[in-house]
Amino acid sequence: MSNEVRVRFAPSPTGALHIGGVRTALYNYLFARKHGGKFLLRIEDTDQNRYVPGAEDYIKDSLDWIGINPDESPWNPGDCGPYRQSERKSMYREYAEYLLEKGHAYYAFDTSEELEAMRQRLTAARVVSPQYNSITRTQMKNSLTLPADEVKSRLESGEPYVIRIKIPRKEEVRLNDMVRGWVMVHSNSLDDKVLMKSDGMPTYHLANIVDDHLMGITHVIRGEEWLPSAPLHVLLYRYLGWEDSMPEFAHLPLLLKPDGNGKLSKRDAEKHGFPIFPLSWKDPNSGEWVAGFKEAGYLPDAFLNFLAFLGWNPGDQRELFSVEALVDAFSIDRIGKSGTKFDINKAKWYNEQYLRKKSDKELAAYLLEDLQKENLSVSAEKAEKIAAVMKERATFPSDLWSEGRFMLLAPEEFDGQVVAKKWNQEAITVLSAYSKNLQEAEAPLTAESAKALLESSAEAEGIKLGKVMQAVRLAVTGVGAGPDLMQIFEILGKEELIKRIEFALNKIDAA
RNA sequence: GGUCCGUUCGUCUAGGGGUUAGGACGCAUCCCUUUCACGGAUGAAACACGGGUUCGAUUCCCGUACGGACUACCA
């Protein structure tokens with residue numbers, strides 16, 4: 001397993017998984033598959049206060065929906081378990097102690113009030129960035145300033161404490177990011193981050209280094225919001241003696257708001273009326289509800305394809321990629337550096353492309369499902385015919401029903417604008433004749449026979465069919481636009497067609 | 001404020017010292033269509049700004065501006 005690529009997606013179960021998180025998971029997955037490696041899922045639940053019940057299942061279900069299942073996870077453990085940080089609690093202590101022993105960490109006893117007072121004091125003194133660092137730690141209560149015996153007695157008396165990393169005063173920390181190249185920061189801009197919290201849990205910083213090391217992670221692919229703390233992580237690897245096996249980093253560009261600027265957020269989804277979460281979700285604590293792509297009618301393949309192109313491209317002009325094709329084409333050096341604005345139109349376009357690739361039968365299944373909710377039933381054969389004529393004009397599977405309902409339900413109202421423009425005596429004459437001729441027509445009506453009869457009916461009255469076509473459509477469907485009329489006639493069948501024409505003749509005349 | 005990251009059509013992006021700066025979404029026009037849509041064609045639309053380097057910068061370097069992330073005992 002020495003050269004095997006191992007990557008992880010490490011979400012925090014604090015609510016619904018944001019679309020940006022799904023993209024991070026996807027890139028990790030693609031990278032792992034591309035290199036024949038493993039994709040792991042690790043739950044980062046070191047903050048017990050923020051734990052939200054159901055969030056883990058949400059993460060699992062989301063990945064499952066788009067078909068990127070981890071090779072190792074809490075539900076499918078490999079050899080590096082547990083895969084939930086809360087269950088690894090006992091493992092972190094020894095590394096914190098090692099750091100303590102090596103002088104790279106220290107105990108701190110400051111209360112939150114004292115910390116706050118320190119920040120205020122610094123702010124008042126016009127210190128630009130108040131932080132716990134090589135300068136301020138000398139004035140705080142920690143094992144660097146307190147006499148050894150006092151530290152010992154505080155520890156023994158059970159006084160709460162944290163363990164902080166001791167950031168060196170003057171040092172350059174550099175890392176070679178796979179998407180950004182060399183990034184360098186001075187240690188004096190870093191602060192003495194807490195490594196172990198007073199509740200005995202590690203913070204993200206310690207936990208992710210320890211776990212990545214123990215789990216043999218070779219590449220860390222994560223959001224750009226982690227870039228500022230990456231130098232801290234480098235230092236941690238160094239102090240823990242793991243620098244030689246330190247994973248490579250790739251920090252992904254952020255997903256931004258569609259308008260203006262800033263990180264894409266829940267508010268944007270509400271404001272623009274489109275989802276930014278894979279699945280809909282109701283927060284059990286706040287009762288807050290968010291919409292999901294799945295429920296909005298996005299197909300998983302389309303969603304995945306759309307997501308893959310948010311910050312990455314294959315370098316040629318192809319746009320439609322199956323997962324397999326993505327795996328084949330994916331590479332980290334084709335990931336862009338700049339933030340990506342979220343454009344729902346593109347997502348819709350992808351959905352249309354994938355929808356049209358589906359067979360009539362698959363589409364009919366969606367239609368049948370919708371009809372069931374309406375307490376309507378129709379034969380599978382008819383559903384397929386409807387799907388066939390509707391698929392070119394649908395964005396979502398639900399459009400099959402919402403845009404094509406006139407194929408199942410006779411119109412009760414007629415579009416007033418079309419009535420005003422197209423309804424006239426000639427139309428009435430042709431329709432009346434057609435209705436009569438239809439009575440004698442042979443039963444299963446086909447698009448061809450329906451058309452031939454309509455043409456002869458019009459001709460017999462000396463009226464050009466083109467002049468009344470729109471009115472005929474109006475009479476039968478109630479509206480002025482839709483799929484090929486003769487196909488609709490075939491789907492409707494002779495009896496229904498006659499019924500509708502008669503109804504229209506009475507209803508519209510009366511109006 | 002500080003640190004770090006970024007900046008090619010409205011959006012996603014390709015490209016990269018010499019190009020008519022390419023594609024896609026969206027938009028517009030036309031064709032197809034006895035409607036609408038699909039499809040096809042065409043069009044409008046971009047290198048943030050200022051200095052260098054160079055015979056020549058959109059491309060390399062430095063600034064400026066603008067944007068963003070981070071700045072918790074959250075991840």
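A note on names: the letters A, B, ... follow the listed sequences, proteins ahead of strands, and every chain is numbered from 1. Just the heavy atoms: all of them, side chains too, but no hydrogens, waters or symmetry mates, feed the values below.
In the set B:C5, B:G6, B:C70, the nucleotide with an atom closest to the side chain of A:Ser338 is B:G6. Taking every side-chain heavy atom of A:Lys451 into account, B:U34 is the closest of B:A14, B:U34, B:C73. For A:Arg356, whose side chain is taken as the heavy atoms from C-beta onward, the closest listed nucleotide among B:C38, B:C12, B:U34 is B:C38. Residue A:Glu44 places its side chain closer to B:A75 than to any other of B:U35, B:U7, B:A75. Of the candidate nucleotides B:U35, B:G26, B:U71, B:U35 has the atom nearest to the side chain of A:Ala481.
Each of A:Asp316 and A:Gly482 was assigned the nucleotide of RNA chain B with the nearest heavy atom; the assignment lying further toward the 5' end belongs to A:Asp316. Mapping A:Lys467 and A:Pro228 onto RNA chain B via the closest heavy atom, the residue that lands nearer the 5' end is A:Lys467.
To the nearest angstrom, P of B:A24 lies 16 Å from CG of A:Asn305. The distance from atom CZ of A:Arg126 to atom P of B:G2 is 15 Å, rounded to the nearest whole Å. Taking atom CD on A:Glu392 and atom C1' on B:A37, their separation rounds to 8 Å, with Å as the unit. Distance, A:Tyr204 OH to B:C73 P: 17 Å, rounded to whole Å. Atom CZ in A:Phe309 sits roughly 11 Å away from atom P in B:A14 (whole-Å rounding).
Base pairing annotation: B:C27 forms a Watson-Crick or G-U wobble pair with B:G43, both donor-acceptor distances under 3.5 Å. Base pairing of B:U33: no nucleotide in any strand meets the Watson-Crick or G-U wobble criterion (both distances under 3.5 Å). The partner of B:G63 is B:C49, judged by Watson-Crick or G-U wobble contacts that both fall below 3.5 Å. In this structure, B:U3 forms a base pair with B:A69, meeting either the Watson-Crick or the G-U wobble geometry with both donor-acceptor distances under 3.5 Å. Across all strands shown, nothing is found opposite B:A57 as a Watson-Crick or G-U wobble partner with both distances under 3.5 Å.
No side-chain donor-acceptor contact under 3.5 Å links A:Tyr366 and A:Asp399. A:His251 and A:Arg222 share a donor-acceptor pair across their side chains, judged by distance under 3.5 Å alone. Between the side chains of A:Asp192 and A:Tyr106, a donor-acceptor pair is found at a separation under 3.5 Å. Side-chain atoms of A:Tyr204 and A:Asp47 form no donor-acceptor pair, as typed in the model, at a separation below 3.5 Å. In this model, no donor atom of one side chain and acceptor atom of the other lie less than 3.5 Å apart for A:Thr395 and A:Asn351.
A donor-acceptor contact under 3.5 Å links the side chain of A:Lys346 to the base of B:A24.
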